[in-house]
**Student:** 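Handing you this structure, nothing more for now.
Lettering of chains follows the sequences in order, A, B, ..., and the numbering in each one begins at 1.
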Protein chains: 2
Amino acid sequence: MDCKQIYEDKMESRGIKPTAVRVLVLKTLMSADNAMSMTDIENVLPTLEKSSVFRALNLFLEHKLVHSIDDGTGALKYAVCSDNCECTLEKEHIHFYCNKCGKTFCFIGLHIPVTVLPKGFVSSSANFVFKGVCSNCNK
Amino acid sequence: MDCKQIYEDKMESRGIKPTAVRVLVLKTLMSADNAMSMTDIENVLPTLEKSSVFRALNLFLEHKLVHSIDDGTGALKYAVCSDNCECTLEKEHIHFYCNKCGKTFCFIGLHIPVTVLPKGFVSSSANFVFKGVCSNCNK
DNA sequence: CTTATAGTGCAACCAAGTTGCAAATATGAG
DNA sequence: CTCATATTTGCAACTTGGTTGCACTATAAG
């Protein structure tokens with residue numbers, strides 16, 4: 001069964017009104033095993049308008065339901081945050097972009113390492129992505 | 001004095017023929033204390049064509065005379081590599097993007113930390129950027 | 001039911017990056 | 001030096017990702 005309740009709950013726990021478009025976008029993101037770009041989502045959901053997906057994703061970002069990863073492909077990718085994640089620097093994780101299949105993965109266990117920055121520099125967020133070949137393409 | 005010899009030498013040591021355009025682009029990059037985007041360079045050198053700058057930068061990249069940083073602003077930034085750098089993962093460094101002034105800095109002393117990746121994942125390069133406020137904007 | 005509010009689709013737009021092509025410049029053999 | 005060849009450059013056109021204004025639709029409250 002295709003219980004959309006869980007998507008609605010997830011949104012409501014973040015203070016987002018679950019509309020039809022948003023349920024579809026969230027469902028798509030949650031059913032993927034890797035981060036997706038706006039175009040990826042549009043391809044899975046061709047009935048939706050680019051701008052609607054865009055607005056849904058930005059709303060999700062603001063409410064920290066998803067986080068975005070800049071993997072260097074030119075298109076931002078999006079992945080669902082873990083429950084209760086507040087996207088603080090300590091909670092952020094490292095990502096991995098596969099040069100072969102083009103997929104981007106969240107390494108939720110690998111946090112941004114604590115780093116001593118030069119005097120005067122204060123960081124509040126990070127975008128750390130390794131590039132190489134993923135486990136699937138290495139077979 | 002404005003000795004272009006050093007730029008030519010730098011290019012030749014990387015096997016690049018030093019043309020007028022290339023000398024200008026390299027000089028601009030080397031005289032900045034932060035990484036520059038294509039648009040930044042065009043603004044400093046308004047006589048040059050966008051595509052010429054583009055091609056010079058790509059040539060520099062291929063020959064590892066410069067490296068590029070994706071700081072999440074939507075425009076790639078470029079910075080000159082240290083001499084003899086071969087841009088291997090071990091030699092790459094962390095970058096810092098200032099949310100206030102928009103500048104991106106190389107932390108050449110801060111290397112990509114050695115990281116144990118999930119089984120099967122093999123990385124060959126990385127793009128690590130911290131975001132926050134730089135020492136200059138923190139005054 | 002009526003009205004205010006929020007959400008959506010569409011079209012137009014912008015910025016960054018990229019390409020094809022022709023003019024200009026540099027190179028090199030004779 | 002001269003001509004043929006190869007390289008570089010400038011220009012214009014185009015692609016893609018992202019973004020916005022606006023009118024239409026759906027929803028929610030009174």
**Student:** Is the shortest side-chain N to carboxylate O distance from B:Glu86 to B:Arg14 below 4.0 Å?
**Tutor:** yes

**Student:** Check each residue of residues 60-70 of chain B for a non-hydrogen atom within less than 4.0 Å of any atom in DNA chain D, then write out the ones that pass by number, or none.
**Tutor:**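 When residues 60-70 of chain B is checked for heavy atoms under 4.0 Å from DNA chain D, there are no hits whatsoever.
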
**Student:** Under 3.5 Å, which donor-acceptor pairs link side chains of residues 100-109 of chain B to any protein atom two or more places apart or in another chain?
**Tutor:**
| unit_1 | atom_1 | unit_2 | atom_2 | d |
| --- | --- | --- | --- | --- |
| B:Thr104 | OG1 | B:Asp71 | OD2 | 2.5 |
| B:Thr104 | OG1 | B:Lys77 | NZ | 3.4 |

**Student:** Measure CG/A:Leu57 against P/C:dT8 and give the value in whole Å, please.
**Tutor:**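 After rounding, the reported distance stands at 12 Å.
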
**Student:** May I have the distance from A:Leu48 (atom CG) to D:dT25 (atom P), rounded to whole angstrom?
**Tutor:** 18 Å

**Student:** Atom pairs under 3.5 Å, N or O on each side, protein against nucleotides 16-18 of chain D: can you list them with distances?
**Tutor:**
| unit_1 | atom_1 | unit_2 | atom_2 | d |
| --- | --- | --- | --- | --- |
| D:dG17 | O3' | A:Gly74 | O | 3.4 |
| D:dG18 | OP1 | A:Leu76 | N | 2.7 |
| D:dG18 | N7 | A:Lys50 | NZ | 3.3 |
| D:dG18 | O6 | A:Lys50 | NZ | 2.7 |

**Student:** Output all residues satisfying side-chain hydrogen bond (donor to acceptor under 3.5 Å, both in side chains) with B:Asp9, sequence neighbours left out; order by chain, then residue number.
**Tutor:**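 Result, side-chain hydrogen bond (donor to acceptor under 3.5 Å, both in side chains) vs B:Asp9: B:Gln5.
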
**Student:** Could you pull out all residues at least two apart from B:Ala75 that satisfy side-chain contact (heavy atoms from CB on, under 4.5 Å)?
**Tutor:**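 Counting only residues at least two positions away or on another chain, B:Ala75 forms a side-chain contact (heavy atoms from CB on, under 4.5 Å) with B:Ser37, B:Thr73.
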
**Student:** Could you walk me through whether A:Val53 and A:Leu57 pass side chain to side chain contact (heavy atoms under 4.5 Å, CB included), step by step?
**Tutor:** CA-CA 6 Å; A:Val53 175; A:Leu57 288 172; 3.8 Å; yes

**Student:** Going by the side-chain hydrogen bond (donor to acceptor under 3.5 Å, both in side chains) test, which pairs reach into residues 55-67 of chain B, not counting sequence neighbours?
**Tutor:**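 side-chain hydrogen bond (donor to acceptor under 3.5 Å, both in side chains) check on residues 55-67 of chain B returns B:His67-B:His93, B:His67-B:His95.
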
**Student:** Let me know the distance between CD of A:Glu49 and P of D:dG21, rounded to the nearest Å.
**Tutor:**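 In whole Å, D:dG21 P and A:Glu49 CD are 17 Å from each other.
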
**Student:** Taking atom P of C:dG17 as reference, at what distance in whole Å does atom CD of B:Glu42 sit?
**Tutor:** 9 Å

**Student:** Would you mind reading off the distance between B:Leu45 atom CG and D:dG10 atom C1', rounded to a whole angstrom?
**Tutor:** 15 Å

**Student:** Please list, for nucleotides 20-26 of chain C, all pairs of protein and nucleotide N/O atoms separated by less than 3.5 Å.
**Tutor:**
| unit_1 | atom_1 | unit_2 | atom_2 | d |
| --- | --- | --- | --- | --- |
| C:dG20 | O6 | B:Arg55 | NH2 | 3.2 |

**Student:** Can you name the residues that form a side-chain contact (heavy atoms from CB on, under 4.5 Å) with A:Leu76, not counting sequence neighbours?
**Tutor:**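 Once residues adjacent in sequence are excluded, the partners of A:Leu76 under the side-chain contact (heavy atoms from CB on, under 4.5 Å) criterion are A:Ser68, A:Asp70, A:Tyr78.
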
**Student:** Below 4.0 angstrom from OP1 or OP2 of D:dT8, is there any side-chain N or O of B:Thr19?
**Tutor:** no

**Student:** Applying side-chain hydrogen bond (donor to acceptor under 3.5 Å, both in side chains), can you list everything that pairs with B:Asp33, at least two apart in sequence or on another chain?
**Tutor:** none

**Student:** Please tabulate, one pair per line, all N/O donor-acceptor pairs under 3.5 Å involving side-chain atoms of residues 110-125 of chain B, not counting sequence neighbours.
**Tutor:**
| unit_1 | atom_1 | unit_2 | atom_2 | d |
| --- | --- | --- | --- | --- |
| B:His111 | ND1 | B:Glu90 | O | 3.1 |
| B:Thr115 | OG1 | B:Pro113 | O | 2.8 |
| B:Ser124 | OG | A:Lys131 | O | 3.4 |

**Student:** Got a sec, which residues hit salt bridge (Lys or Arg N to Asp or Glu O under 4.0 Å) with B:Arg22, two or more places apart in sequence or on another chain?
**Tutor:**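 Expected list: none.
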
**Student:** With sequence neighbours left out, write down each residue that passes side-chain hydrogen bond (donor to acceptor under 3.5 Å, both in side chains) with B:Asn99, or none if nothing qualifies.
**Tutor:** none

